[in-house]
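What follows is a single structure, written as structure tokens, with notes after it.
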Amino acid sequence: MQTPTSPGYAPAYLAAELRLPTNALDYTILAIYFVVVLGIGFAARRSVKTSLDFFLSGRSLPAWITGLAFISANLAATEILGMAANSAQYGAYTVHWYWIGAIPAMVFLGLVMMPFYYGSKVRSVPEFLLLRFDKGAHLLSSILFAFAAILIAGVNLYALAIVVEALLGWPQWVAIVVAGFFVLAYITLGGLSSAIYNEVLQFFVILAALIPLVVLSLKKVGGWDGLTHKLTETHGADFTTAWGGTGIGHANPLGANWLTIVLGLGFVLSFGYWTTNFAEVQRALSAKNLSAAQRTPLIAAFPKIFIVFLVMIPGLVAAAVVPKIGTSASGLQYNDAIPYLMQELLPNGVLGIAVTGLLAAFMAGMAANVSSFNTVFTNDIWAKYVVKGREDSYYVRFGRLITAIGVLASVGTAFLASSFSNIMSYLQTLFSFFNVPMFVVFIVGMFWKRASVKSGFWGLLAGTTAAMVNYFVLYKKDIIHIPTDQGANFVSAIAGFVAGAVVMVAVTLFTKPKPEAALQGLVYGTRSPGMAEAPAPGDEAWYRKPALLGWGAVVLAAACYIPFSF
């Protein structure tokens, strides 16, 4: 773990010398994008008549729209810069965050959990906990999620500010105000529909930014063979493999062994994020029917399999051409990998598209968290515990107000990310604190009828506490030695999961279970009327079959491991 006193430590802002040679063409492309973004917000405003329209798009969107929005909400610039930084620091181990750390959980969400979410007609993930457990679990999960959403939105806003300052020369406060204004404007105008349609646009803009960068990066180092040869010489053979050196007791760049990768990342962190993070699940809940809701994460899984190459290759190239990246000797941080290559390789015009793609990615990530925050805060905190029983239009107005408050709060939390030279490490830390404990409560409650109503609250509290104690006490104070931040995150996730599960079992043994009649549609093996939905016409087509899509994604992801396993 790097601290301000560690050798080679560098602060989290980008190197000042990364200023891009942008011209009028690049700024024109950027201006056109912002005009389109606001236009989508104004167009979506016409469809917002009820709170369901504002918070869940009236549950009316087709699967391909929600699927692309699902992956775009995840493909924030923190993902792009963070995973490129991950690759520059840890090498090809980055593939684990995609093929074992995403695809299985996305398939599980689509095939197993979406029928319960969508069939129960809940508006949020915490609301499901209210139905399965009690108000204690519901309120605690709502508060934890709202807090996490603002922290993660703040990461996106801070990263946006430092990138724009370094690349374009704008002062940080200008970048924060401009990005915050546009996100606030289009979500306040059109609610979730505006966010989702902008995320679909942003998905293609991001691809247009990354693909030329990957092609030119590989050309610079002599193709894939030239890249692996250089990295093997400078970083060792394990740097370009997925599993090299991950035996228990062996050292490797990631600082984790195969057991902590499989359990900590592949199961606990991955399933905790993809199945309970409302910023993602909200997109599926806005689908027009159960079949479309199930297919939303499955459609998103296919581009997710290949996106790893678009973020990993620039990180690897940066590590090859700047072997001391991440240390004071190079003057560049791991977070500088993509901006450095943009500066070195992209001509004007393409540079404008690349900058627009980065801004689109930041705004997608921030909008996903802000839109999920306003839904949870309005429906799960304000409407249920503060101001109850008001007319529907009141909650739409309050949703718009809390959106503005959420954006302002994101500005306040943005600078918490500044102590991390790898922003992906910071995000994984947040996930281990907030998503993993919620996942263990879900998984135990969903598959164990006997889990009592009180066990949800205490399991959530115990899991969150255990993850934080492991990170802030055992790891930070070096009571237990873990080589890297990411390794510590894996261990924190495992600690949170185990603690939450053990406490849930213990509390259940001494408290009453929920009546079985109240568990219909909330526990695996039971069904509610909302889950018994008849297939829509045309759903018999192969590409409309969730099981086929899900298993296809898992097999394809497993096949991608083969070239990186030796």
Side-chain angles (χ1 to χ4, degrees), residues 29-30 32-41 43-44 57 61-84 97-98 102-103 106 109-110 152-153 156 159-160 179 182-183 186-187 190 192-215 273-274 277 279-284 286-287 292-293 295-314 338 350 352-372 543 549 553:
I29 293 170
L30 193 58
I32 291 172
Y33 169 74
F34 280 124
V35 169
V36 173
V37 162
L38 283 183
I40 291 174
S57 301
L61 300 179
W64 75 271
I65 291 286
T66 54
L68 290 180
F70 188 98
I71 192 63
S72 182
N74 172 252
L75 192 60
T78 47
E79 168 95 355
I80 295 171
L81 292 184
M83 283 303 177
W97 271 264
Y98 291 78
I103 303 305
M106 295 169 77
L109 171 63
I152 295 170
N156 279 280
L160 168 69
F182 280 97
V183 170
Y186 72 72
I187 294 180
L192 183 63
S193 292
S194 179
I196 284 178
Y197 282 113
N198 266 304
E199 284 160 2
V200 173
L201 167 68
Q202 287 156 349
F203 175 75
F204 292 106
V205 173
I206 292 166
L207 292 187
L210 290 179
I211 290 173
L213 187 65
V214 170
V215 172
Y273 175 80
W274 290 103
N277 182 24
E280 304 293 337
V281 175
Q282 187 182 28
R283 274 77 194 140
S286 67
R295 283 181 279 127
T296 292
L298 304 178
I299 290 171
F302 286 91
K304 183 70 174 177
I305 292 171
F306 300 104
I307 283 170
V308 62
F309 297 109
L310 300 183
V311 294
M312 180 180 71
I313 289 174
I338 281 184
V350 178
I353 294 173
V355 172
T356 303
L358 275 182
L359 294 182
F362 281 118
M363 291 169 65
M366 184 182 177
N369 283 283
V370 169
S371 62
S372 60
Y543 54 85
L549 287 173

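Distance CG/Leu207 to CG/Leu310: 6.5 Å, rounded to 0.5 Å. Of the inter-residue distances, the one linking Ile103 atom CD1 with Tyr98 atom OH reads 10.0 Å to the nearest 0.5 angstrom. To the nearest 0.5 Å, atom CD1 of residue Ile307 and atom CG of residue Leu210 are 8.5 Å apart. Remark: Met106 CE to Phe70 CZ distance equals 5.0 Å, nearest 0.5 Å. Atom CZ in Phe204 sits 5.0 Å away from atom CG in Leu68 (nearest 0.5 Å). The line from CD1 of Ile353 to CD1 of Ile206 is 13.5 Å long, rounded to the nearest 0.5 Å.
Across every non-hydrogen atom of Asn369 and Ala153, the tightest pair is CB-CB, 4.0 Å. Residue Phe203 comes nearest to Pro303 through the heavy atom pair CZ-CB, 4.1 Å, listed as atom of the first residue, atom of the second, then distance. Taking all atoms of both residues into account, the shortest heavy-atom contact from Val200 to Ala69 is CG2-N, 4.2 Å. Contact between Ile80 and Val311 at its shortest, heavy atoms only, is CA-CG1, 3.9 Å. When all heavy atoms are compared, the tightest approach of Ala209 to Gly357 is CB-CA, 3.8 Å. Nearest heavy atom pair, residue Ser72 against residue Gln202, reads OG-CB, 4.0 Å.
Contact annotation: the side chain of Pro297 never approaches that of Lys304 to less than 4.5 Å [non-hydrogen atoms, C-beta and beyond]. Inter-residue side-chain proximity for Asn277 and Asn74 is flagged as unmet; no heavy-atom pair is nearer than 4.5 Å.
A donor-acceptor contact shorter than 3.5 Å is absent between the side chain of Thr296 and the backbone of Ala284.
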